[in-house]
Structures are given as structure tokens and as C-alpha cells.
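Okay, so here's the structure we're looking at.
The structure presented is a predicted model; accordingly, all values stated were derived computationally and were not measured.
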Protein chains: 2
Amino acid sequence: MTATAARVDSRHTPRKRAGNGAAPRDVADDVGLDALAGHAGYAVRRFQIWIFQDFIKTLGEVDIRPTQYSVLTVIGANPGLSQMAVAKRLGIERARLVHLLDSLEQRKLVKRIKSKEDRRSHALHLTAQGETALAKFKRLAAEHERHVEAKIGRENRAQLLRILAGFT
Amino acid sequence: MTATAARVDSRHTPRKRAGNGAAPRDVADDVGLDALAGHAGYAVRRFQIWIFQDFIKTLGEVDIRPTQYSVLTVIGANPGLSQMAVAKRLGIERARLVHLLDSLEQRKLVKRIKSKEDRRSHALHLTAQGETALAKFKRLAAEHERHVEAKIGRENRAQLLRILAGFT
DNA sequence: GACAATTGTTGTCGTCAACAACAATCTTTC
DNA sequence: GAAAGATTGTTGTTGACGACAACAATTGTC
């Protein structure tokens, strides 16, 4: 007689599964989500939460979050970019990028160099320390990608990247 | 992969705008993102931002955000659930659900009914008003899904749902 | 040279996830 | 049956993040 809270008051509960007489194992296991099953946004949101948590955990030893990683990667691949260019490319506000760069600059990973051509802007570069650090970050990120493969399957991950290639 | 990756090629198409404002397609278009192209998390994040913005915009006339919609849908499909059960099923904190329900209850869409079996918990139900409102929300959400199809293709959307079915 | 636009910066506001603490209420254990 | 422990709803804080607005310095345009 332990199924007090676990048993859903099934007076008005619509029949979702036919004849499933199994005992409820956990509270939310027999809660139907049928209406949400067909929504792409919900699935994508849940997946994105999972993938970010794994990224944060996998890169936890170096204390790098996904947004920081993307900033470092873009700067590493395109040295000398302005803050505006980086923000526009990554789809983040330039106001937000200020704080991100403050943090990364304090950690001696990037440096802002006053541009000669346009004295309003800063040319962004990785420090030497930042380059070696980014190499390590990339190895950990590759490990994270393997976690993704293990989670959804190698072929499915490839299809996902193909489907969403237009958003990068 | 070292510092030689300064690949801001000479693809400078100097299409300078006329004195008119707002020509957002110049600075970042030729910035290489090669390193991020293979990262599933980045593509998923960008896609999730797009899909949420379209959802918020499409359901803007009724002022319903994705999380609110998911809460209403789950309650509508499973009346009498406790807050704990809803939170666990949707993967949101029960602390967060409190504010969400406060808002939805103020709008007369849901009601908390003190449970008789477990006087700590609340049984969640849609109001009559909430049920008719949810029907409208679902029509708008279906319209949003058509936007997704138009964006990534009907077949790709179906594959996406299949790949991410385990996360719902 | 006057005027508009851009860049980096600072600030505020609201959303969201992650915790921590608490009172009220079960549940377990002795 | 009472004490100890766990659960539920609630309040609060913290930090990451997106959106916006305002500002000084600088650049471009007329």
C-alpha cells in the first residue's frame, strides 16, 4: 500500500496505453506526454539541455562553458576579428560579449588589441597560453561529441548535423 | 591547426551600403566557423533559439511561452497530477514550477486543488476557461510546427523528431 | 564642419537552471 | 505510538543568458 502519491487519480485521465497493468515504478513514469511528442521545439529543448550539461561536465576540469568555447574557437580560427564581428557571427549581443571577454582576458586566454585602422574597435587574439589551452579544450570537446554519439547513435548525430547545418 | 588558421579570405565583397541604415549582411559573413561546424551542441543551440523565437512570436497573440505551453499540455492530458509529478516529467525545478503556476492560476487557466490523500500536495487541473484556451494554443502551436517544416523541410523535421524521441 | 552611424561599454530587466533553507505533512523505524 | 527521516510546496539567492537602452569615443557621410 505504498502507491499513494504515485497513483494518478485516473477518473478523467484519458487512456494512453491499453491494458498496461504494471505497477508504477516512479512518479512521472506513467504520465502521458502524447500532446508534446509531436513538438519539435520540446524535443530540441530537452536535447539541448542534456547536451549542454554533458559539455559543461566534460569541460568542467578546465571550467569552460559552451559560449566561452565558441568565442575562443572563433577567435582562434579568425585572429584579429573585432568584438562586433565575433558577436554577429555567434549571434550573441555585443554587450554580453564584453563580459565574456573580460573573463577570458582575466584568465589570460585572449587579449584585446587596439586596432590601428579603426580606433573604436579591438582586434581579438588568443594569447600563447590561450592557444595551448584551446587545443586542450578541443580535445575535451571531441570527447563530449563522442558522448553525444553514444547517446543518440553515430549515424543519427551525423544526420542531425546535416539537418541543422543551416543554423551554424 | 596552429596559428596559421587566419583564413579570413579575400572574399571581400565590398558591397557597401548607401547612406541608408541597417545593412546587416556584411561584417561576419566570411568569418570561418570551421571548428564549430562539427559540434552538435552549437547547431542545436542555434536551432533551439530560432525555434523558440518562432514559437513565442506565433503564440504571441495569446501571450504563451514554450514552458507555459508544456505545463498546460501535461496538465490537460493528465488532470490531477501533483506539482512534483509535473516538474519531474517536464524536467523543470519544482521551485520554478511554483512561479509558472502562480502566473497560470492568476490567468484562470489552471487551479490548484488541495489533495485529500496527501495534504502536502496539490492536484492540478485546467479550468473550463483553461481547456478552451489550450485548444486555441494547440492550433497556434500546430501553425508554429508548420513554420518549422517550412524552415528545415518536412522530411527533416520528421527525422529530427525520430532522432530525439528519447528525450521527450 | 555638421550630422548620422558604428564600436565598445555600462546598466537594467526578464527568463531560466541550480541550490539552499524552511514549514507542513507523510513515511519509516524503533 | 513516538521519534527520525523523507517528501511537497514555497521562498529566496546565485549565475548564465538574451534583449534593450543609453553613453563616449570614433568614424563615415554630406
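Residue pairs meeting the salt bridge (Lys or Arg N to Asp or Glu O under 4.0 Å) criterion with at least one member in residues 157-168 of chain B, sequence neighbours excluded: Glu145(B)-Arg157(B), Glu149(B)-Arg157(B). Here salt bridge (Lys or Arg N to Asp or Glu O under 4.0 Å) pairs that include residues 90-102 of chain A, with residues two or more places apart or in two chains, are Asp102(A)-Arg112(A).
Applying the side-chain hydrogen bond (donor to acceptor under 3.5 Å, both in side chains) rule to Ser115(A) yields the partners Glu117(A); only residues at least two apart in sequence or on another chain are considered. Shown here are the side-chain hydrogen bond (donor to acceptor under 3.5 Å, both in side chains) partners of His125(A), two or more places apart in sequence or in another chain: there are none. With sequence neighbours left out, the salt bridge (Lys or Arg N to Asp or Glu O under 4.0 Å) criterion links Arg120(A) to Asp118(A). Partners of Asp54(B) according to the side-chain hydrogen bond (donor to acceptor under 3.5 Å, both in side chains) rule, which considers only residues two or more places apart in sequence or in another chain, are Thr58(B), His144(B), His147(B). When the ring-ring contact (aromatic ring centres under 6.0 Å, His included) test is applied to Phe47(A), the partners found at least two apart in sequence or on another chain are Phe167(B).
For the pair His99(A) and Leu100(B), both in contact range of DNA chain C, the more 5′-proximal nearest nucleotide belongs to His99(A). Remark on DNA chain D: of its neighbouring residues Asp102(B) and Gln68(A), the 5'-side contact belongs to Asp102(B), judged by nearest-heavy-atom nucleotide.
Distance, Leu101(B) CG to dT8(D) P: 15 Å, rounded to whole Å. Atom NZ of Lys57(A) and atom C1' of dA17(C) are 17 Å apart (whole Å). Atom pair Leu104(A):CG and dG8(C):C1' shows a separation of 16 Å (rounding to whole Å applied). Taking atom CZ on Phe55(A) and atom C1' on dA17(C), their separation rounds to 18 Å, with Å as the unit. For the pair Ile56(A) CD1 and dA16(D) P, the interatomic distance rounds to 10 Å; values are reported in whole Å. dC16(C) atom C1' lies 9 Å from atom CZ of Arg45(A), rounded to whole Å. Rounding to whole angstrom units, CG of residue Leu97(A) and P of dC17(D) are separated by 12 Å. Rounded to whole Å, the distance from CD on Gln48(B) to C1' on dC17(D) is 12 Å.
Residue Gln83(B) places at least one side-chain N or O under 4.0 Å from the OP1 or OP2 atom of dT10(D). For dC17(D), the OP1/OP2 oxygens have a side-chain nitrogen or oxygen of Arg65(A) closer than 4.0 Å.
Arg65(A) and Tyr69(A) form no side-chain donor-acceptor contact under 3.5 Å, judged by distance and modelled atom types alone.
Shown for residues 109-127 of chain A: residues whose heavy atoms fall under 4.0 angstrom of DNA chain C, namely Arg112(A), Arg120(A), Ser121(A), His122(A).
Side chain of Ser121(A) to main chain of Ser82(A): no donor-acceptor pair is present (N/O by atom type, distance under 3.5 Å, no hydrogens or angles).
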Can you name the atoms? Protein N/O to nucleotides 19-23 of chain D N/O, anything below 3.5 Å, with the distance.
from    : atom 1 : to       : atom 2 : distance (Å)
dA19(D) : OP1    : Gln53(B) : NE2    : 2.5

